[in-house]
Enquirer: 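One structure, pasted below without further comment.
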Amino acid sequence: MSITYKDAAEIEGMRTACRLASEVLDYLTPLIQPGITTLEIDRLASECMQKQGSVSATLGYQPPGYPPYPASLCTSVNHVVCHGIPNEKPLKKGDIVNVDVTVIKDGWYGDTSRMFVVGDASIAAKRLVQLTFEAMWHGIVKVKPGIRLGDIGHAIQKFAEGNGFSVVREFCGHGIGRKFHEEPQVLHYGRPGTLEELKPGMTFTIEPMINLGRREVKEHGNDGWTIVTRDRSLSAQWEHTVLVTETGYEVLTLSAGSPPPPAFVAA
Ligand code: MF3
Ligand code: CO
Ligand code: CO
């Protein structure tokens with residue numbers, strides 16, 4: 001398969017799906033407190049999607065070589081890098097958790113994730129969460145026709161490593177549309193001027209996974225999904241779905257509760 005370029009009507013479909021995904025996170029935000037289990041978060045999200053008339057893209061999702069994913073979203077706590085499966089363990093004060101929501105609405109996919117600090121956390125954990133958010137936005141602001149994917153990856157890598165963190169290499173952003181994961185791959189590291197040139201109508205995610213320690217990851221246990229840092233250091237991730245417009249970018253996964261962009265992002 002190849003890159004799909006969305007026309008005006010298709011972009012409307014993407015806008016709706018992406019806003020709904022973000023609204024699931026808005027709904028969950030006040031509920032993510034010490035004592036709640038990630039399984040409860042999953043159940044509440046599933047109810048929210050039902051009310052929206054959307055469907056989880058992750059429930060039963062089964063790429064080649066994987067078992068079917070068993071939940072309506074991913075919850076990745078502390079040293080879990082991505083694809084954490086909701087479970088019955090309560091969140092506790094000081095945890096950091098990524099909640100990653102992908103919904104399908106009228107055949108269109110919207111994919112977004114945010115970090116949550118449970119109660120309060122260490123200064124190091126909060127700094128990782130905040131700087132990973134900024135790293136994502138350093139990638140987003142590059143987006144416009146004519147630049148290349150390597151420009152995005154480079155911006156993220158330079159910022160993250162410049163702050164003493166490391167960038168996970170094994171997982172990346174992705175084209176998205178009528179499929180969950182389409183071409184192109186969107187690496188969160190790289191060299192300026194390399195890889196695919198951006199053109200209007202492309203829709204893809206930017207979703208850097210940034211580690212406090214070393215960048216290496218490994219599979220955790222035998223659930224076939226959960227990825228953790230090899231050195232057990234904390235990991236953070238944020239994700240938006242973006243559209244390449246004629247002049248720049250539009251972030252599609254925005255809603256009333258989205259954290260505002262960092263100050264360096266022009267209004
Ligand atoms: N939402 C993840 C992404 O950003 C993919 C999760 S696949 C799952 O691409 F099966 F683990 F849910
Ligand atoms: Co994604
Ligand atoms: Co996602």
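Every number for a ligand or one of its atoms is a count from 1 in the order of the listing. A quick note: this is a predicted structure, and the numbers were derived from the prediction, not measured.
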Enquirer: Whether the Thr226 and Asp223 side chains hold a donor-acceptor pair (N or O, under 3.5 Å, no angle test) is what I'd like checked.
Expert: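 Note: Thr226 and Asp223 side chains meet the donor-acceptor criterion.
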Enquirer: Lys105: which residues meet the salt bridge (charged side-chain N to carboxylate O under 4.0 Å, His left out) condition with it, sequence neighbours left out?
Expert: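 Once residues adjacent in sequence are excluded, Lys105 has no partner under the salt bridge (charged side-chain N to carboxylate O under 4.0 Å, His left out) criterion.
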Enquirer: Measure up the Tyr66 and Trp225 rings against each other and bin them: parallel (under 30°), tilted (30 to 60°), perpendicular (over 60°).
Expert: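 Rings of Tyr66 and Trp225: tilted, as their planes differ by 30° to 60°.
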Enquirer: Restricting to side-chain contact (heavy atoms from CB on, under 4.5 Å), what partner residues turn up for Leu131, sequence neighbours left out?
Expert: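 Expected list: Arg127, Glu134, Phe159, Asn163, Phe165.
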Enquirer: Taking all atoms of both residues into account, what is the closest heavy-atom pair of Lys142 and Ile152, and its distance?
Expert: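 Taking every non-hydrogen atom into account, CB-CG1, 4.2 Å.
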Enquirer: Using ring centroids (six-membered ring only for Trp), state whether Tyr109 and His181 fall under 6.0 Å.
Expert: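 Centroid separation for His181 and Tyr109: 6.0 Å or greater.
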Enquirer: Check ligand 1 for N or O atoms under 3.5 Å from a protein N or O and list each pair with its distance.
Expert:
from: ligand 1; atom 1: 1 (N); to: Asp100; atom 2: OD1; distance (Å): 3.2
from: ligand 1; atom 1: 1 (N); to: Asp100; atom 2: OD2; distance (Å): 3.1
from: ligand 1; atom 1: 1 (N); to: Thr102; atom 2: OG1; distance (Å): 3.3
from: ligand 1; atom 1: 1 (N); to: Asp111; atom 2: OD1; distance (Å): 3.3
from: ligand 1; atom 1: 4 (O); to: Asp100; atom 2: OD2; distance (Å): 3.3
from: ligand 1; atom 1: 4 (O); to: Asp111; atom 2: OD2; distance (Å): 3.1
from: ligand 1; atom 1: 4 (O); to: Glu207; atom 2: OE1; distance (Å): 2.8
from: ligand 1; atom 1: 4 (O); to: Glu207; atom 2: OE2; distance (Å): 3.2
from: ligand 1; atom 1: 4 (O); to: Glu239; atom 2: OE1; distance (Å): 2.9
from: ligand 1; atom 1: 4 (O); to: Glu239; atom 2: OE2; distance (Å): 3.0
from: ligand 1; atom 1: 9 (O); to: His174; atom 2: NE2; distance (Å): 3.1
from: ligand 1; atom 1: 9 (O); to: His181; atom 2: NE2; distance (Å): 2.8

Enquirer: May I ask you to check whether Phe171 and His188 place their ring centres under 6.0 Å from each other?
Expert: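 They do not qualify: ring centres at least 6.0 Å apart.
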Enquirer: Side chains of Glu207 and His174: any donor to acceptor distance under 3.5 Å?
Expert: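 Side-chain D/A pair, His174 to Glu207: present.
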Enquirer: Take the Co ion (ligand 2) as the centre and count protein N, O or S atoms at distances under 2.8 Å.
Expert: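 Step by step: take the Co ion (ligand 2), keep protein N, O, S below 2.8 Å, and you get 4.
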Enquirer: Backbone N or O of Leu20 within a donor-acceptor pair of the Gln52 side chain at under 3.5 Å?
Expert: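 Judged by distance alone, yes, a pair lies under 3.5 Å.
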